[in-house]
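Remarks on the structure that follows.
Each chain gets a letter, A, B and so on, in the order the sequences are listed, and its residues count up from 1. Please read these numbers as outputs of a predicted model, since none were measured by experiment.
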There are 2 protein chains.
Amino acid sequence: MNTKKISLKDIAVKAGVSTALVSYVLNGKEKESRVGQEIAKKIKEIASELNYQPNHLAKSLRSGKTHTIGLVIADISNPFFANIARVVEDEAKKSGYTVIIGSSDEKAEKAWDLLNVLINRQVDGFIIVSSEHSESHIRHLKERNIPFVLLDRHFPDLQTDFVATNNYKASYDAGVHLVEGGYEHIGLIAYKSDMYHMRERIRGYRQALKDHHFDLNPNWLKEVRFENIEKEVKIAIDEMISSKDKVDSIIFATYGLAINGLKYINELKLKVPSDLAIVSFGQAEVFDLYYCPITYLKQPLEMLGKTSVELLLEKLKNPDVGMKQILMEAKLIVRDSSMARSLHKIS
Amino acid sequence: MNTKKISLKDIAVKAGVSTALVSYVLNGKEKESRVGQEIAKKIKEIASELNYQPNHLAKSLRSGKTHTIGLVIADISNPFFANIARVVEDEAKKSGYTVIIGSSDEKAEKAWDLLNVLINRQVDGFIIVSSEHSESHIRHLKERNIPFVLLDRHFPDLQTDFVATNNYKASYDAGVHLVEGGYEHIGLIAYKSDMYHMRERIRGYRQALKDHHFDLNPNWLKEVRFENIEKEVKIAIDEMISSKDKVDSIIFATYGLAINGLKYINELKLKVPSDLAIVSFGQAEVFDLYYCPITYLKQPLEMLGKTSVELLLEKLKNPDVGMKQILMEAKLIVRDSSMARSLHKIS
DNA sequence: TTTTTTTGTTTAATCGATTAAACTTACATT
DNA sequence: AATGTAAGTTTAATCGATTAAACAAAAAAA
């Protein structure tokens, strides 16, 4: 079983020339390097006959470019990130880039470890969905001149390239939508986090209520910890529906919060939307299949992924290109879960 | 901004020794190579002072090992594969391996391209969820002595390592469960495919009916094409419920089929389980959140992923280790969607 | 004192590909 | 005939790390 890989040298020997010629020919530099016609032809023939495949490691070591990009996300088993990852993979492949994906579990330390592993593997650049408390790490990348683009989340105090959703606007839209549907006690369940994207979602919600002259009942805004999501979502909902000013609708600030929330709402046998209207961030099959299809904010996943790759590749090609900061709009997909109150069936 | 990477040579120069010594010390070979005590200490200090990070490319080129494994799956945005990918990533990381994931979209040609890209990038081995018509490619890998483990799907005619679910048994269990629940017209919607795992799911279903002396009504077994899943699932369901021997229950052979099927069942306003009982392969949040929680076959994702990594790494360490073929059992998680007929509420 | 052994360190080849520079011929120009 | 130019090819350094082999100096054995 001939298992040895074919190298440039093997071809060179077989053709009776030096490896230099082979390299020139196989890289299409026959013209500039004035390689003889017949010899070029011969080399090509031998190469395809032996099914030569260049060794990327050697190429990369020499060139300093691996044509690999690192994608750091929170968790590949979360559909939001899985979808993004797929888009990034496809888009990168179009330009001959390979993607290495790593999950950080929203932990700054894990993310940092990941970045370092990937840096040692000489990835050319990063697309990063950053975690809380990782601002200093991002700053560090910047100082080291390692090319990266932040995706979905960014740090307002840090001048970096990024591609993200306009979370303020999205959340504002959700709030206004519920107000216009006649809901008056609108709650928001978000993560307890200093991350800008989360603060923006909260800010949008607040502004929507303010603009419609609603009081900001502090009991309607719940922030739960990622690490203890299951329990704390339950507590949040319990508190929201048990006070005298109980909510008639809830906005979930992420897909994960919605899943947990809906499970509990099912347990409580609350009916959507008559007992509780729902709007959620994220998109997923669950929202279609729920007995009462869920109104959600559809983020422009394809565009987010695609654009982040484009930005990064542009930066890799020309490191001095200006900084780009791109905000995209989410789209509110209205379904029955936030049906206008006037349309509720009287039970 | 000093952006240059630190190399062995930089340390050597600073310490006033050759690169060989530095290499020995930093690889813990000071003893075997009898490096002087003080010089060893000095080298270590300088290395950590300069925050030296070895260049993996160079290491790999020299050693012929990249500590990278390629994971070829159908689609990372499918939760089944996303979950597997996560397990594989974590398990590989424990042993210092990095995973490169690629999606084949169930297309043999895409999978083949992927394999070749990854081979050129010198991955040490593969974990592969193979596609239809890719048997020849797998055979080719085998002939080239490229280490791999098949995951979730395998080819009975091909002697290879694999880790998979006992699909026959899983499907059989699902069938028996419905029979015992008093269902008499049990349908199966599967993919039209020659893949062994799919044939096994069909065989299990058939055997379950046979063993309980049911006729195999050909109208109850539908095979739909992956490329046209949405339409053909609808047609399949239409046909199954419109004949005079209409089905009272359906087994979906994959998660994707179930999603499409349930959407249509909702459209038709059929009630689960009174109009139609449901059992599905796969696991996902949807099944919990559906108004009538769905009975499903829970595949041992963690074990599948973990074991496939273990097998592969074992093979990488010792290429002459014997072939391993591992079948794991799926577990039927019973929920309301397949409630015994005797318990249905009379409407 | 001479020889052998031990200890400590350097040299140089290697992995596979790239590429500037050097080197041969052959051909053209004066 | 002498010189210049173009065409075609090879040499050798390089990327960064590893490691067998060579080497030198000091210590031990004869």
Side-chain angles (χ1 to χ4, degrees), chain A residues 3-44 46-47 50-68 96 119-124, chain B residues 3-44 46-47 50-68 96 119-124:
Chain A
T3 206
K4 259 260 291 314
K5 290 268 306 190
I6 303 299
S7 74
L8 264 197
K9 202 172 172 188
D10 297 323
I11 299 179
V13 168
K14 187 146 187 186
V17 297
S18 70
T19 60
L21 276 199
V22 181
S23 174
Y24 290 137
V25 170
L26 297 183
N27 287 298
K29 305 215 173 129
E30 359 178 352
K31 287 279 143 17
E32 301 109 284
S33 309
R34 327 167 281 225
V35 180
Q37 298 250 301
E38 308 104 79
I39 211 71
K41 190 155 161 262
K42 189 172 175 192
I43 287 172
K44 282 181 195 158
I46 295 180
L50 298 181
N51 187 30
Y52 168 71
Q53 304 290 140
N55 182 323
H56 259 266
L57 291 177
K59 266 182 135 91
S60 297
L61 179 59
R62 182 71 222 260
S63 68
K65 301 264 155 274
T66 53
H67 283 257
T68 304
I119 288 172
N120 292 349
R121 290 189 178 248
Q122 317 296 125
V123 299
D124 292 339
Chain B
T3 206
K4 259 257 293 314
K5 290 270 305 194
I6 303 298
S7 73
L8 263 197
K9 202 171 174 188
D10 298 323
I11 300 178
V13 168
K14 187 146 185 186
V17 297
S18 71
T19 60
L21 276 198
V22 181
S23 174
Y24 289 138
V25 170
L26 298 183
N27 287 298
K29 305 216 172 126
E30 359 178 352
K31 288 280 143 17
E32 301 107 284
S33 309
R34 324 168 284 228
V35 181
Q37 297 252 301
E38 307 104 80
I39 211 73
K41 189 154 163 264
K42 189 172 175 192
I43 287 171
K44 281 182 194 157
I46 295 179
L50 298 181
N51 186 30
Y52 168 70
Q53 304 289 141
N55 182 324
H56 259 266
L57 290 178
K59 267 183 134 90
S60 297
L61 179 58
R62 182 68 221 261
S63 68
K65 301 263 154 273
T66 52
H67 283 256
T68 304
I119 289 172
N120 293 349
R121 290 190 177 247
Q122 318 295 128
V123 299
D124 292 340

So what does S23(B) touch, heavy atoms closer than 4.0 Å: a base, only the sugar-phosphate, or nothing? base
What nucleotide, of dT10(D), dA17(C), dA17(D), holds the atom closest to the side chain of A58(A)? dA17(C)
Nucleotide nearest P54(B) when distance is taken to its side chain, options dA17(D), dT11(D), dT9(D): dA17(D)
Between dG16(D) and K59(B), is there an OP1 or OP2 to side-chain N/O distance shorter than 4.0 Å? no
Looking only at side-chain N and O atoms, does K9(B) come under 4.0 Å of OP1 or OP2 in dA17(D)? no
Starting from P on dA21(D), measure out to CD on E32(B) and report it in whole angstrom. 16 Å
Have a look at S60(B) and say if it touches a base, only the backbone sugar-phosphate, or nothing, with a 4.0 Å heavy-atom cut-off. nothing
Quick one: label V17(A) by what it contacts on the DNA or RNA (base, sugar-phosphate, nothing), any heavy atom closer than 4.0 Å. sugar-phosphate
By the 4.0 Å heavy-atom rule, please label S18(B) as base, sugar-phosphate, or nothing. base
Between dC15(D), dT10(D), dT7(C), which one does the side chain of R34(B) approach most closely? dT7(C)
Ignoring backbone atoms, establish whether Y24(B) has a side-chain N or O less than 4.0 Å from OP1 or OP2 of dA20(D). no
Within the structure shown, what part of the strands sits under 4.0 Å from L57(B) by heavy-atom distance: base, sugar-phosphate, or nothing? nothing
